[in-house]
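Ligands are counted one by one from 1 in listed order, and the atoms in each one are counted from 1 as well.
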Amino acid sequence: MNGIELCATGCSLPTRRVTNDDMAKLVDTSDEWIRSRTGIGERLFCQGGETTTDLAIGAARDALERSGVPVSQVGTCIVATMTPDWASPATACLVAQELGLAQDIPCFDLSAACTGFVYGLRVAQGLLTPERPYGIVVGAEALSRVLDFTDRTTCVLFGDGAGAVVVHGVPDPPLHAVLGSVGDLGALNLAGGNTARETYLRMNGKEVFRFAVQTIPTCIRRVLDEAHASLEDVDWVVCHQANERIIDAAVRRLGASPTRFYKNMERYGNTGAASIPIALDELVRQGMLRSGMQVLCVGFGGGLTWGGALIPYRHQKRS
Ligand code: COA
């Protein structure tokens with residue numbers, strides 16, 4: 001299977017809505033500051049017993065049901081997350097169990113921060129077979145659990161949620177994707193469970209901003225070069241939804257029209273690995289991403305990591 005197509009999307013969102021005014025009760029900030037610097041208006045936070053695993057299961061189930069694909073034909077389940085509930089078992093194993101997927105398929109979590117979903121698409125493509133040609137790729141985060149609510153420079157930016165896609169392995173066209181990383185502890189870090197460090201997300205906002213604004217156009221150009229395509233051939237560009245100004249600056253650098261660059265961080269904030277699949281799901285539900293269209297996904301984030309993938313959407317509800 002050289003290529004993949006998106007055949008269905010799904011999402012699962014937590015129930016607690018937190019506005020910028022709510023954040024201003026916790027730290028010295030304002031709706032005006034957050035909106036003007038980031039484009040974020042509100043975010044959703046887990047409450048009560050809501051977990052990353054619950055969100056991942058909900059999004060994966062939604063996508064699988066909407067695809068109509070029988071569980072016996074699913075060849076892998078990958079969950080991209082930097083906020084798993086458990087180091088082991090992997091979230092993906094629990095998702096597979098809940099959905100009743102076959103037991104002889106690889107299911108695992110993938111750690112590439114906010115680029116995790118794009119990494120997941122590329123990895124899934126390599127694992128699909130003619131016997132089991134479908135894969136589930138999920139991005140799921142409960143970032144509110146790792147935010148320092150005394151640090152106004154980070155806590156206002158992030159939110160929780162999960163999105164998922166079902167992908168179909170196809171012999172042709174090949175998947176056009178580029179992935180990369182450069183190790184940088186200072187730009188964005190979140191300690192693991194056994195490092196004996198604080199478990200808050202820390203970030204150098206300016207460094208990440210500069211990195212993202214350079215990386216998005218480079219990534220887009222490289223994917224398009226590989227596909228011998230131009231931006232005119234792409235129906236939607238779905239970038240990681242970290243910050244409206246990052247996407248706007250990248251669009252300016254590309255000299256592109258902003259109309260094809262989808263943005264929804266106003267309602268969710270930065271949901272890490274979940275932001276791209278949540279955006280894809282919104283596009284599908286609103287009838288804006290239709291069968292036969294091409295979507296270019298672009299991720300960037302902690303690692304530092306980046307990735308871009310050009311994928312056709314071909315809905316094929318089978319039941
Ligand atoms: N509310 C009010 N003021 C704030 C604030 C907040 N939530 N956060 C920071 N400030 C203040 C700073 O303390 C600083 O004050 P000072 O000038 O008195 O020192 C001022 O605002 C400007 O801070 P600065 O860091 O220069 O702001 P900025 O224009 O770089 O914007 C970010 C900050 C975080 C919005 C921006 O750097 C950014 O979006 N970076 C990318 C982050 C990101 O998306 N990360 C995830 C990628 S996956």
### Query
Which residue owns the protein heavy atom closest to atom 12 (C) of ligand 1, what's the atom, and how far is it?
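Atom 12 (C) of ligand 1 sits closest to the protein heavy atom Arg152 NH2, 3.9 Å.
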### Message
Is a donor from one side chain sitting under 3.5 angstrom from an acceptor on the other, for His315 and Ser291?
### Response
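No - no donor-acceptor pair under 3.5 Å links their side chains.
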### Summary
Filtering Arg37, Glu244, Glu32 for the heavy atom nearest atom 28 (P) of ligand 1 leaves Arg37
### Task
Take atom 19 (O) of ligand 1 and look for protein heavy atoms under 4.0 Å from it; say yes if you find one, no if not.
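Given the 4.0 Å limit, the answer for atom 19 (O) of ligand 1 is no, no protein heavy atom qualifies.
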### Query
Relative to the heavy atoms of Asp28, which atoms of ligand 1 are at a distance of less than 4.0 Å?
1 (N), 2 (C)
#### Entry: Selection from Thr29, Thr115, Val213 by shortest heavy-atom distance to atom 1 (N) of ligand 1
Thr29
### Message
I need the nearest protein heavy-atom contact for atom 44 (O) of ligand 1: residue, atom name and distance, please.
### Response
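Of every protein heavy atom, Ala242 CB, 3.4 Å lies nearest to atom 44 (O) of ligand 1.
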### Message
For atom 33 (C) of ligand 1, what is the closest protein heavy atom, and at what distance to 0.1 Å?
### Response
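Going by distance alone, atom 33 (C) of ligand 1 is nearest to Trp33 CH2, 3.9 Å.
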### Task
Indicate whether the side chain of Thr19 and that of Asp21 have a donor and an acceptor atom separated by less than 3.5 Å.
no
### Task
Number the atoms of ligand 1 from 1 as they appear, then name those within less than 4.0 Å of a heavy atom of Met203, with their elements.
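Listed by number with element: 42 (C), 43 (C), 45 (N), 46 (C).
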### Message
Between Ser111 and Met82, is the side chain to side chain contact (heavy atoms under 4.5 Å, CB included) condition met? List the steps.
### Response
CA-CA 6 Å; Ser111 169; Met82 62 174 150; 5.7 Å; no
### Whether over 12 other heavy atoms sit under 6.0 Å from Arg17 CZ
no
### Query
Would you say the side chains of Arg37 and Asn243 form a donor-acceptor pair under 3.5 Å?
no
#### Entry: Distance filter under 4.0 Å to Asn270 heavy atoms, resulting ligand 1 atoms
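The atoms of ligand 1 under 4.0 Å from a heavy atom of Asn270 are 46 (C), 47 (C), 48 (S).
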### Query
Can you say whether the rings of His168 and Tyr134 are parallel (under 30°), tilted (30 to 60°) or perpendicular (over 60°)?
parallel
### Task
Pick, from Ile246, Leu304, Val208, the option with the minimum heavy-atom distance to atom 47 (C) of ligand 1.
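Nearest option to atom 47 (C) of ligand 1, by heavy atoms: Val208.
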### Query
Should Thr154 be listed as contacting ligand 1, given a heavy-atom distance under 4.0 Å as the test?
no
### Atoms of ligand 1 close to Gly301 [distance to a heavy atom under 4.0 angstrom, numbered from 1]
48 (S)
### Message
Does the protein place a non-hydrogen atom closer than 4.0 angstrom to atom 37 (O) of ligand 1?
### Response
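Answer yes: something from the protein, a heavy atom, is under 4.0 Å.
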### Query
In ligand 1, which numbered atoms sit nearer than 4.0 Å to a non-hydrogen atom of Phe300?
48 (S)
#### Entry: Exam field: side chain Glu141 to backbone Thr83, donor-acceptor pair closer than 3.5 Å
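Yes: the side chain of Glu141 pairs with the backbone of Thr83.
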### Message
Here's a test for you: under salt bridge (charged side-chain N to carboxylate O under 4.0 Å, His left out), which of Glu244, Glu282, Glu42 qualifies with Arg267?
### Response
Glu282
### Contact atoms of ligand 1, heavy-atom distance to Val156 under 4.0 Å
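In order of numbering, the contacting atoms are 7 (N).
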### Query
Short N/O distance, under 3.5 Å, between Gly205 and ligand 1?
yes
### Task
Return the residue, atom name and 0.1 Å-rounded distance of the protein heavy atom closest to atom 35 (C) of ligand 1.
Thr38 CG2, 3.8 Å
### Task
Report yes if Lys206 has an N/O atom closer than 3.5 Å to an N/O atom of ligand 1; otherwise report no.
yes
### Query
With a cut-off of 6.0 Å (strictly less than), are more than 12 heavy atoms of other residues, nucleotides or ligands near CD of Gln97?
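At most 12 heavy atoms, drawn from other residues, nucleotides or ligands, come within 6.0 Å of this atom.
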### Query
How about Arg260: does its CZ atom have over 12 heavy atoms from other parts shown lying under 6.0 Å from it?
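Counting other residues, nucleotides and ligands, CZ of Arg260 exceeds 12 neighbours.
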### Task
Look up atom 14 (C) of ligand 1 and tell me if a protein heavy atom lies less than 4.0 Å from it?
no
### Task
Check whether the side chains of Thr271 and Gln241 place a donor and an acceptor atom closer than 3.5 Å, and report yes or no.
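No - no donor-acceptor pair under 3.5 Å links their side chains.
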### Any side-chain donor near an acceptor of the partner, Asp109 and Thr81, under 3.5 Å
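No, because no side-chain N or O of Asp109 sits under 3.5 Å from a partner of the opposite role on Thr81.
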### Query
Would you say Ile34 touches ligand 1, if touching means a heavy atom closer than 4.0 Å?
no
### Task
Spell out, as yes or no, whether a donor-acceptor pair under 3.5 Å connects the side chain of Gln125 to the backbone of Asn2.
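Yes, Gln125 side chain to Asn2 backbone: donor-acceptor pair under 3.5 Å.
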### Query
For ligand 1, which atoms sit closer than 4.0 Å to a heavy atom of Asn243?
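Result: 38 (C), 39 (O).
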### Message
Taking a cutoff of less than 4.0 Å between a non-hydrogen atom of the residue and any ligand atom, is His240 in contact with ligand 1?
### Response
yes
